[in-house]
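Values below: every heavy atom of this structure, side chains too, minus hydrogens, waters and symmetry copies.
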Amino acid sequence: MTTTLLSTAGELHPRTRTGRRAVVMTMGALHEGHATLIRTARDLAGPDGEVVVTVFVNPLQFGEGEDLDRYPRTLDADVKLAGQSGADVVFAPAVDEVYPGGEPQVRITAGPMGERLEGASRPGHFDGMLTVVAKLLHLTRPDIALYGQKDAQQLALIRRMVRDLNFGVEIVGVPTVREEDGLALSSRNRYLSPAERRTALALSGALFAGQDRHAAQEALRARAREVPATRARAEALSAIGESRAAADAHAVATAVPGGPAAVRAAARQVLDEAARLDPPLVLDYLALVDPSDFTEIGDDFTGEAVLAVAARVGTTRLIDNVPLTFGTFGAAS
C-alpha cells in the first residue's frame with residue numbers, strides 16, 4: 001500500500017477518514033516488534049480506518065550519558081516497513097514541531113509509579129515519555145493508541161495518564177515479540193556483539209525460569225485442590241514428582257520457598273550465573289510487581305503481576321518482562 005510521509009500536524013489534521021484512527025508511536029529504527037504493533041493497529045482500525053505511525057526520537061526521554069546521539073535514525077527504511085505492515089501515514093515531525101518553544105516548561109509528571117524501577121534507574125525518563133505521548137496524542141488525534149508490553153511500566157503509566165487526565169483515547173497493549181533465541185526485540189539489540197548477545201539471553205532465560213517455576217506451582221496447587229484429603233492425595237502428588245514426605249496438599253501448596261519468593265529465586269539464579277560470564281551481565285533490577293502501581297508483591301498476593309528485569313551487557317542496557325497470574329490455580333498468562 002502507499003504510505004504517506006508527513007512532518008507537520010497541519011498536514012495530518014485535514015486528512016479525510018471515515019473510520020477510526022489508530023496510532024503506533026515509535027522512535028524509529030523499526031523492527032518486527034513494531035511491525036506487529038502496526039499490523040494489530042490495521043486490524044483494529046479496519047479497512048475504513050487509518051493507521052498512523054509516529055517516528056520521533058524524543059530528547060526528553062534521554063538522561064545524561066544516555067544514547068540520544070547514538071540512537072539509530074533510519075527513516076527511509078522505517079517508512080518502507082510501516083507501509084508493508086499496513087500503515088497509511090508515517091508522521092515524522094522535527095523537534096521544533098513537537099516542542100515549538102524549545103523544551104517545554106509545563107510537563108506531565110509520572111508521580112510515584114514513575115520513580116520506581118525504570119524511573120529510579122533513569123530519573124526523569126517517564127516525565128519526558130508521558131509529556132511526548134501527551135503531545136503526540138494531541139497532534140495525531142487518534143481513537144486508539146497501541147504500545148508494546150515489553151515496556152510494561154511505560155504502558156502502565158500511559159494508561160494511568162489517559163485515565164487520570166481524561167484523554168479520549170483507547171490504549172491497547174500488544175504482547176512482546178521475541179527473536180528465535182528468546183531475546184525480546186529492541187532497537188538496541190543491534191548494539192550487541194555476538195558474545196554480548198549470548199550473555200543478554202539471560203534476561204529472557206531468567207524470566208522463563210521464573211515463569212516455569214510459577215506454572216509448576218500453580219499446576220501443583222490446582223492438582224492438590226482437586227484431590228480429596230485421602231491416601232489418593234499422596235498418590236496423586238507423588239505422580240507429579242513430589243515426595244511422599246510432602247504429600248499433604250496444604251503443606252505442598254504453601255511450602256517455602258513457594259509463590260512469589262520461588263519465582264524470584266528461580267529467575268535470580270539464571271541472572272547470577274550470567275554475572276559470571278564473559279562479558280558479564282550487570283543486573284540493574286529484578287522485580288515481581290503489581291502492574292497497577294509497580295510495587296513489589298507479597299507472598300500472599302493474588303491476581304495479575306509482572307516479572308521484570310533490566311540489565312546492562314557491555315554498554316547496552318536492556319529490559320524485558322513476562323506477565324504472571326497468582327492465586328487462580330492456572331498457568332502463567
Participant: Can you confirm whether the side chains of Tyr191 and Glu196 place a donor and an acceptor under 3.5 Å from each other?
Facilitator: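 Per modelled atom types, Tyr191 and Glu196 side chains form no pair under 3.5 Å.
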Participant: Considering only heavy atoms from C-beta outward, does the side chain of Pro280 approach that of Thr199 to under 4.5 Å?
Facilitator: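 Side chain of Pro280 against side chain of Thr199, heavy atoms only: no contact under 4.5 Å found.
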Participant: Does Ile38 form a side chain to side chain contact (heavy atoms under 4.5 Å, CB included) with Leu146? I'd like the steps, not just the answer.
Facilitator: CA-CA 8 Å; Ile38 298 166; Leu146 297 88; over 6 Å; no
Participant: Determine whether Val174 and Gln149 make a side-chain contact, defined as any pair of heavy atoms from C-beta on separated by less than 4.5 Å.
Facilitator: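 They are not in contact (no side-chain heavy atoms under 4.5 Å apart), so the answer is no.
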Participant: For a 4.5 angstrom cut-off between non-hydrogen side-chain atoms, does Thr4 reach Val90?
Facilitator: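 They are not in contact (no side-chain heavy atoms under 4.5 Å apart), so the answer is no.
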Participant: Do Val55 and Val133 belong to the same hydrophobic cluster, where Ile, Leu, Val, Met, Phe, Trp and Tyr are linked whenever their side-chain heavy atoms lie under 4.5 Å apart, directly or via other members?
Facilitator: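 Cluster IDs for Val55 and Val133 differ.
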Participant: Working to the nearest 0.5 Å, report the span between CD of Gln153 and CE of Met113.
Facilitator: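 One gets 7.5 Å once the value is rounded to the nearest 0.5 Å.
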Participant: How close do Val169 and Ala145 get, heavy atom to heavy atom, and via which atoms?
Facilitator: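 What the structure gives for the nearest pair is CG2-N, 3.9 Å.
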Participant: Does Val270 sit in a hydrophobic cluster with other residues, and if so which ones, taking ILVMFWY side chains as linked at heavy-atom separations under 4.5 Å, directly or through other members?
Facilitator: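 Hydrophobic cluster check, Val270: no partners found.
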Participant: Checking Asp320 side chain against Leu183 main chain: does a donor-acceptor pair fall under 3.5 Å?
Facilitator: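 Checked: no pair found.
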Participant: Rounded to the nearest 0.5 Å, what separation is found between the CG atom of Leu37 and the OH atom of Tyr147?
Facilitator: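 Output value for this atom pair is 10.5 Å.
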Participant: Under the criterion side chain to side chain contact (heavy atoms under 4.5 Å, CB included), I'd like the reasoning laid out for Phe56 against Thr26: C-alpha separation, chi angles, the key distance, then a yes or no.
Facilitator: CA-CA 7 Å; Phe56 180 67; Thr26 83; over 6 Å; no
Participant: Any idea which heavy atoms bring Leu283 and Ala310 closest together, and the distance?
Facilitator: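 Nearest heavy atoms, Leu283 then Ala310: CD1-O, 3.5 Å.
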Participant: Judged by atom type as modelled, is there a donor-acceptor pair below 3.5 Å linking the side chain of Thr325 to the main-chain atoms of Gly303?
Facilitator: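 No: the side chain of Thr325 does not pair with the backbone of Gly303.
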Participant: Do Leu5 and Met25 belong together in a cluster built from hydrophobic side chains that touch within less than 4.5 Å?
Facilitator: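 As far as the 4.5 Å side-chain criterion goes, Met25 and Leu5 are not connected within one cluster.
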Participant: Check whether Val289 and Leu286 end up in the same hydrophobic cluster, where Ile, Leu, Val, Met, Phe, Trp and Tyr are linked by side-chain heavy atoms less than 4.5 Å apart.
Facilitator: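 Looking at the clustering, Leu286 is in a separate group from Val289.
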Participant: Below 4.5 Å, heavy atoms only, C-beta onward: do Phe326 and Leu324 meet side chain to side chain?
Facilitator: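 When only atoms from C-beta onward are counted, Leu324 and Phe326 do touch, with a gap below 4.5 Å.
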Participant: Roughly how far apart are Leu60 CG and Asp127 CG, rounded to 0.5 Å?
Facilitator: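 Separation between the atoms: 9.5 Å.
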Participant: If we ignore hydrogens and angles and just use 3.5 Å, is the side chain of Arg122 paired with the main-chain N or O of Leu117 as donor and acceptor?
Facilitator: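 Not confirmed, Arg122 side chain does not pair with Leu117 backbone.
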Participant: Using the side-chain hydrogen bond (donor to acceptor under 3.5 Å, both in side chains) criterion, which residues pair with Asp164? Sequence neighbours excluded.
Facilitator: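 Testing Asp164 for side-chain hydrogen bond (donor to acceptor under 3.5 Å, both in side chains), a comparison that skips the adjacent residues, returns Arg160.
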Participant: Working to the nearest 0.5 Å, report the span between OG1 of Thr54 and CG of Leu136.
Facilitator: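 Here the interatomic distance stands at 5.0 Å.
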Participant: Report the distance from atom CZ of Phe126 to atom CZ of Arg116, rounding to the nearest 0.5 Å.
Facilitator: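 Output value for this atom pair is 11.5 Å.
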Participant: Taking side-chain hydrogen bond (donor to acceptor under 3.5 Å, both in side chains) as the test, write out the residues that go with Asn58, two or more places apart.
Facilitator: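 Testing Asn58 for side-chain hydrogen bond (donor to acceptor under 3.5 Å, both in side chains), a comparison that skips the adjacent residues, returns Gln61, Tyr99.
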Participant: Decide yes or no on side chain to side chain contact (heavy atoms under 4.5 Å, CB included) for Leu75 and Val79, but give the supporting numbers first.
Facilitator: CA-CA 6 Å; Leu75 183 58; Val79 173; 4.1 Å; yes
Participant: Please list all pairs passing the salt bridge (charged side-chain N to carboxylate O under 4.0 Å, His left out) test where one or both residues lie in residues 287-296, with sequence neighbours left out.
Facilitator: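 Salt bridge (charged side-chain N to carboxylate O under 4.0 Å, His left out) check on residues 287-296 returns Arg264-Glu296.
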Participant: Could you tell me which non-hydrogen atom of Gly28 sits nearest to which non-hydrogen atom of Ser187, and how far apart they are?
Facilitator: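 The answer is O-OG, 3.7 Å.
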Participant: Are Arg312 and Leu281 close enough that some pair of their side-chain heavy atoms sits under 4.5 Å apart?
Facilitator: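 Arg312 vs Leu281: side chains apart.
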Participant: Are Met161 and Leu157 connected, step by step, through hydrophobic side chains (Ile, Leu, Val, Met, Phe, Trp, Tyr) whose heavy atoms are closer than 4.5 Å?
Facilitator: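 Met161 and Leu157: one cluster.
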Participant: Working note: Leu318 + Asn189, criterion side chain to side chain contact (heavy atoms under 4.5 Å, CB included); need CA distance, chi angles, decisive distance, verdict.
Facilitator: CA-CA 8 Å; Leu318 300 170; Asn189 290 354; 3.6 Å; yes
Participant: Test: salt bridge (charged side-chain N to carboxylate O under 4.0 Å, His left out). Region: residues 135-151. Which pairs qualify, not counting sequence neighbours?
Facilitator: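 Salt bridge (charged side-chain N to carboxylate O under 4.0 Å, His left out) check on residues 135-151 returns Arg17-Asp143.
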Participant: Ignoring hydrogens and angles, tell me if any N or O in the side chain of His34 forms a donor-acceptor pair with the backbone of His31 under 3.5 Å.
Facilitator: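 A pair under 3.5 Å: yes.
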Participant: Mind checking salt bridge (Lys or Arg N to Asp or Glu O under 4.0 Å) for Arg268 and listing every partner two or more places apart, or none if nothing turns up?
Facilitator: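 Arg268 satisfies salt bridge (Lys or Arg N to Asp or Glu O under 4.0 Å) with no other residue.
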Participant: Is the shortest side-chain heavy-atom distance between Leu155 and Arg159 below 4.5 Å?
Facilitator: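 Sidechains of Arg159 and Leu155: in contact.
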Participant: Examine distances only and state if a side-chain atom of Ser204 and a backbone atom of Leu201 form a donor-acceptor pair shorter than 3.5 Å.
Facilitator: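 Indeed, once roles are kept as given, a pair shorter than 3.5 Å links the two residues.
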Participant: Is there a side-chain contact between Val263 and Leu307, using heavy atoms and a 4.5 Å cut-off?
Facilitator: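 SC-SC contact between Val263 and Leu307 confirmed.
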Participant: Kindly determine whether Asp88 and Arg42 satisfy salt bridge (Lys or Arg N to Asp or Glu O under 4.0 Å), including the steps that lead there.
Facilitator: CA-CA 9 Å; Asp88 299 290; Arg42 180 79 273 160; 2.7 Å; yes
Participant: Which pairs count as salt bridge (charged side-chain N to carboxylate O under 4.0 Å, His left out) when at least one residue sits in residues 271-288, sequence neighbours excluded?
Facilitator: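 For residues 271-288, and leaving out neighbouring residues, the salt bridge (charged side-chain N to carboxylate O under 4.0 Å, His left out) pairs sorted by first residue read Asp284-Arg317.
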Participant: So if you build clusters from Ile, Leu, Val, Met, Phe, Trp, Tyr with side-chain heavy-atom gaps below 4.5 Å, do Val52 and Val132 land together?
Facilitator: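 Looking at the clustering, Val132 is in the same group as Val52.
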Participant: Tell me the salt bridge (charged side-chain N to carboxylate O under 4.0 Å, His left out) pairs involving residues 19-38, sequence neighbours left out?
Facilitator: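 Only Arg20-Glu170, Arg21-Glu50, Glu32-Arg39 qualify under salt bridge (charged side-chain N to carboxylate O under 4.0 Å, His left out).
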Participant: Grab the two heavy atoms, one from Val51 and one from Gly86, that are nearest each other, plus how far apart they are.
Facilitator: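 Reported closest heavy-atom pair: CB-O, 3.8 Å.
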Participant: Using every non-hydrogen atom in the two residues, find where Pro291 and Val306 come nearest and quote the distance to one decimal.
Facilitator: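 Looks like CB-CG2, 4.0 Å.
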Participant: Would you please name every residue forming a ring pair (Phe, Tyr, Trp, His ring centres under 6.0 Å) with Phe167, sequence neighbours left out?
Facilitator: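 Phe167 satisfies ring pair (Phe, Tyr, Trp, His ring centres under 6.0 Å) with His138 once adjacent residues are dropped.
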Participant: Is the backbone N or O of Ala9 less than 3.5 Å from a side-chain atom of Glu97, with the two atoms forming a donor-acceptor pair by type?
Facilitator: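 Side chain of Glu97 to backbone of Ala9, a donor-acceptor pair under 3.5 Å: yes, one is there.
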Participant: So, using side-chain hydrogen bond (donor to acceptor under 3.5 Å, both in side chains) as the criterion, who are the partners of Asp78 when residues are at least two apart?
Facilitator: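 Testing Asp78 for side-chain hydrogen bond (donor to acceptor under 3.5 Å, both in side chains), a comparison that skips the adjacent residues, returns Thr74.
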Participant: Which residues satisfy the side-chain contact (heavy atoms from CB on, under 4.5 Å) test with Ser7, sequence neighbours excluded?
Facilitator: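 For Ser7 the side-chain contact (heavy atoms from CB on, under 4.5 Å) partners, ignoring immediate neighbours, are Glu11.
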Participant: Looking only at atom types and distance, does a side-chain atom of His214 sit under 3.5 Å from a main-chain N or O of Ala262, one as donor and one as acceptor?
Facilitator: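 Side chain of His214 to backbone of Ala262, a donor-acceptor pair under 3.5 Å: no, none is there.
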Participant: I'd like to check Ile319 versus Val309 (side-chain heavy atoms, cut-off strictly below 4.5 Å). Are they in contact?
Facilitator: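 No, too far: nothing below the 4.5 Å cut-off.
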Participant: Provide the closest heavy-atom pair for Ile297 versus Ala305 in the form atom of the first, atom of the second, distance.
Facilitator: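 Scanning both residues, the minimum pair turns out to be CD1-CB, 4.1 Å.
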Participant: Atom CG in Leu130, atom NE2 in His125: separation rounded to 0.5 Å?
Facilitator: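 These two atoms lie 9.0 Å from each other.
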Participant: Name all residues meeting the side-chain hydrogen bond (donor to acceptor under 3.5 Å, both in side chains) criterion together with Arg197; count only those two or more places apart in sequence or in a different chain, and write none if there are none.
Facilitator: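 Per chain and number, Arg197 pairs via side-chain hydrogen bond (donor to acceptor under 3.5 Å, both in side chains) with Glu179, Asp181.
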